[in-house]
Amino acid sequence: MRFEDQRQLLIQSLQKSGISDPAVLRAFAAIPREEYVAPDLKNYAYRNQPLPLSERQTISQPLMIAIMMQYAELTSDDVVLEIGTGSGYQAALLAGIVKEVCTVERIESLSLKAQKLLKEQGFRNIYFRIGDGWNGWEKAYPPYKEFSRIIVTAGASEIPEKLLAQLADNGVLIIPVGAEGYQILTRVVRHGSELSVTHHGACTFVPLVKS
Ligand code: SAH
């Protein structure tokens with residue numbers, strides 16, 4: 001079956017699983033996941049499962065990405081911080097919806113590969129940093145101090161303080177929190193100095209490594 005048709009089937013399965021945000025569904029329809037997986041795994045690109053990248057990392061399961069993006073309630077005004085660039089797939093999905101995406105990855109080889117690919121795919125609103133996501137965005141350019149949305153794509157032992165400090169008023173942080181191999185998808189909304197925290201089920205991500 002052509003990749004395009006497989007992509008349509010994946011979107012139908014996301015809809016059956018409760019994904020209804022039109023912007024999220026449009027993003028999945030627009031981005032060719034087969035470009036972001038290893039060449040020998042292209043035929044598996046549209047299975048609703050995580051797939052291995054190099055360096056023992058994974059490209060997340062499409063449904064889990066979609067759930068995170070739906071809980072983030074993204075709009076075209078948002079400036080998003082993504083922690084864990086990995087393949088660049090989720091950065092691409094986000095970049096089609098929001099104004100700008102800043103993405104941080106600790107493994108240099110993965111970041112460089114994603115930078116090259118996303119440039120080739122024509123994205124101009126994604127900024128990259130190789131570094132420790134526990135610190136959030138520390139780069140001089142673009143000089144963002146706060147983000148309206150923050151999405152962490154690795155499992156954290158706790159919510160990083162610096163990410164809370166970089167979350168704008170009315171901003172939303174989506175992060176898997178828990179032990180290695182078992183986390184709870186957690187949503188934090190800032191209302192001034194108050195944070196409201198809700199929990200949205202179990203999930204499994206590769207660890208957000210502490211250096
Ligand atoms: N969003 C990615 C999924 C990547 S998996 C995609 O769409 O493909 C999680 C990524 O988080 C891995 O690439 C891993 O190297 C990275 N990571 C883990 N700990 C990190 C940290 N402390 N800082 C930055 N990136 C980290």
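Whatever order the structure lists ligands and atoms in, that order sets their numbers, starting from 1. Not measured: the values here are computed from a predicted model.
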Using atom types as modelled, flag every donor-acceptor pair under 3.5 Å from a side chain in residues 184-193 to any protein atom, sequence neighbours excluded.
from	atom 1	to	atom 2	distance (Å)
Thr186	OG1	Ile184	O	2.9
Arg187	NE	Tyr71	O	2.8
Arg187	NH2	Tyr71	O	3.0
Arg190	NE	Leu167	O	2.9
Arg190	NH1	Gly192	O	2.8
Arg190	NH2	Leu164	O	2.7

For residues 14-30, which side-chain N or O atoms pair as donor and acceptor with protein atoms under 3.5 Å away, sequence neighbours left out?
from	atom 1	to	atom 2	distance (Å)
Ser17	OG	Ser13	O	3.0
Asp21	OD1	Ala23	N	2.9

ask   = When you look at Asp132 and Arg106, which way does the salt bridge (charged side-chain N to carboxylate O under 4.0 Å, His left out) test go after all the steps?
value = CA-CA 5 Å; Asp132 185 357; Arg106 62 181 282 277; over 6 Å; no
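Ile175 is not listed as a side-chain neighbour of Ile151, based on a closest heavy-atom distance of 4.5 Å or more.
Protein residues with any heavy atom under 4.0 Å from ligand 1: Gln57, Thr58, Ile59, Ser60, Glu82, Gly84, Thr85, Gly86, Ser87, Tyr89, Gln90, Val104, Glu105, Arg106, Ile107, Leu110, Gly131, Asp132, Gly133, Trp134, Thr153, Ala154, Val206, Pro207, Leu208, Val209.
The side-chain hydrogen bond (donor to acceptor under 3.5 Å, both in side chains) search around Tyr46 returns Arg7, Glu34, not counting sequence neighbours.
In this structure, Lys210 is positioned above the aromatic face of Trp134, its NZ or CZ under 6.0 Å from the six-membered ring centre and within 45° of the axis.
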